[in-house]
Protein chains: 2
Amino acid sequence: MRTKPLSPKRPGPEFPVPYTSVDVVIFTVLEDALQVLLVQRPGDGDEPFPDCWALPGGFIDTVVDATLEDCARRKLKDKTGVSSPYLEQLGSWGSATRDPRGWSATHVYFALIPSKDVVLARGANAADVAWFSIDKVLRESRLAFDHRDILQAALERLRSKVEYTSLPAFLLPEPFTLPQLQHVYEVVLGRAVDKSGFRTRMLSAQFLEEVGYTDGESNRPAKGFRLANRSAPVVFPRTFSPRGGN
Amino acid sequence: MRTKPLSPKRPGPEFPVPYTSVDVVIFTVLEDALQVLLVQRPGDGDEPFPDCWALPGGFIDTVVDATLEDCARRKLKDKTGVSSPYLEQLGSWGSATRDPRGWSATHVYFALIPSKDVVLARGANAADVAWFSIDKVLRESRLAFDHRDILQAALERLRSKVEYTSLPAFLLPEPFTLPQLQHVYEVVLGRAVDKSGFRTRMLSAQFLEEVGYTDGESNRPAKGFRLANRSAPVVFPRTFSPRGGN
DNA sequence: AAAATAGTGTCTGTCAGACAGTATTCT
DNA sequence: AGAATACTGTCTGACAGACACTATTTT
């Protein structure tokens, strides 16, 4: 905060204040692909980027939202119906030019949810909310504002953290099996992972609780697991394959 | 951004907008200790937290600052005279209660600078800017706003990244020697590091350029080095000591 | 019985940590 | 010469990656 009292830069009605918003990058795994939730901006009215797809988000409601994270949770709940996602702050983007209406800054969160828990934007205009495969959207779509940069940053953060954390577990509905979890790792990382190493790694990290019954989505049933602690991922002591990554 | 045109929540003169500021956590190593730069808030006037020490920062100047990062650089330059620090975004803190004046959000950056490059706040009121040992400030001082939480978060981020990156090199003036660099690692981590392992690690990471002349601040002179690329740190393939940390 | 997938056992190369040893300068 | 510090060499235990093997279920 400012050190001088009554600083000439102190904002008020007579000084320009940046627009402040919160956006959420919501990831899931659907149809063997990493996907992101986007909303379509209105084509009428005087809003910028008409008909463009954009990350869900919007201005802070200073009456309803107690904190930035509350605001992000609210927006996520509005669009997906999910109320207990994995949610972490990604960063903020702010500049004089990112919004044609003027200086704006957005606080960006990134969320991981199991696709089965989702009920896309009930009522109203459900058609303007949809999942997009990450690869496709980065290859083909033009997103509103600087949302392409933001999405890129979120993807990098996710991929990098998947190398040494249990994050992918938040993309699956419980209970899940180890082969299912391994598959999610492979989808996100875009490469195969050794089964044996994967299993010892997951089990020795102590973050999974064995759920009695097993699940038979393939030939031989497998043990079911759930997270011992849904509030935070586990950090593994080493990254997945030192040769491949950074 | 908002999907509906003319949303009732769209801020304007008639709707409350959060205050938006930028704060910077500036670290250096001085007198064998990790230190942070704080400024003292004014005791007169109607400003909150009078006489409290706080992180340097303040409101965005939408005329001067093109981006959030520009704003952070400007504040850092103002207080320290340093214009090419290592600077990275730490995160943002926003809530209805963190500032008694109303809903506010701050974008926080963290910077690493060599203490020798610093010329503390020239002119004006130099007495209200000072370095504080991290340990002391976290033990003894009461900081303004939620700056204690922010400082704690910055410290965690720094300590964690030091385990697997070349970040400490940005805390030293160039040229520096490997023993000096090792010492900085030890100061930040708060523990001793093996010499042999340290050297092979640094040299094999290819981020140091040998500068011809050597430096004799101890008995036997040592080779001098500088960073090949000052814009980003190097990420090591493994963390420092798997037994100790996470 | 065959196919398919879940789960385990074993080997091996790599490498960080530990520590001893050598080199070069100052007093 | 001795002290102090820069720098190098060697050993060893731990462990990730690779891959072969066993177990259990469906068809």
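Letters A, B, ... mirror the listed sequences (proteins, then strands); counts begin at 1. Side chains included, hydrogens not; waters and symmetry mates left out as well; all remaining heavy atoms used.
- Here the nucleotide nearest the side chain of B:Ala222, chosen from D:dA16, D:dA6, C:dA6, is D:dA6.
- Note on A:Thr177: nothing from the nucleic acid sits closer than 4.0 angstrom, heavy atoms only.
- Under the side-chain hydrogen bond (donor to acceptor under 3.5 Å, both in side chains) criterion, B:Arg201 pairs with no residue at all, not counting sequence neighbours.
- Comparing D:dA6, D:dT26, C:dG7 against the side chain of A:Lys195 picks out C:dG7 as the nearest.
- Judged by distance alone with a 3.5 Å cut-off, a donor-acceptor contact links the side chain of A:Arg220 to the base of D:dA23.
- Neither side chain, A:His107 nor A:Ser92, offers a donor N or O lying under 3.5 Å from an acceptor on the other.
- Here C:dA18 is the nucleotide among C:dA18, C:dG7, D:dA16 with the atom lying nearest to any side-chain atom of B:Asp194.
- Nucleotide D:dG17 holds its P atom 12 Å from the CZ atom of A:Phe198, rounded to whole Å.
- When the side-chain hydrogen bond (donor to acceptor under 3.5 Å, both in side chains) test is applied to B:Asn229, the partners found at least two apart in sequence or on another chain are B:Ser231.
- Counting any heavy atom pair closer than 4.0 Å across all strands shown, B:Lys223 reaches sugar-phosphate atoms only and no base atom.
- Nucleic acid contact class of B:Arg199 (heavy atoms, under 4.0 Å, all strands): base.
- A donor-acceptor contact under 3.5 angstrom links the side-chain atoms of B:Ser196 to the base of D:dG9.
- Taking atom CE on A:Met202 and atom C1' on D:dC15, their separation rounds to 16 Å, with Å as the unit.
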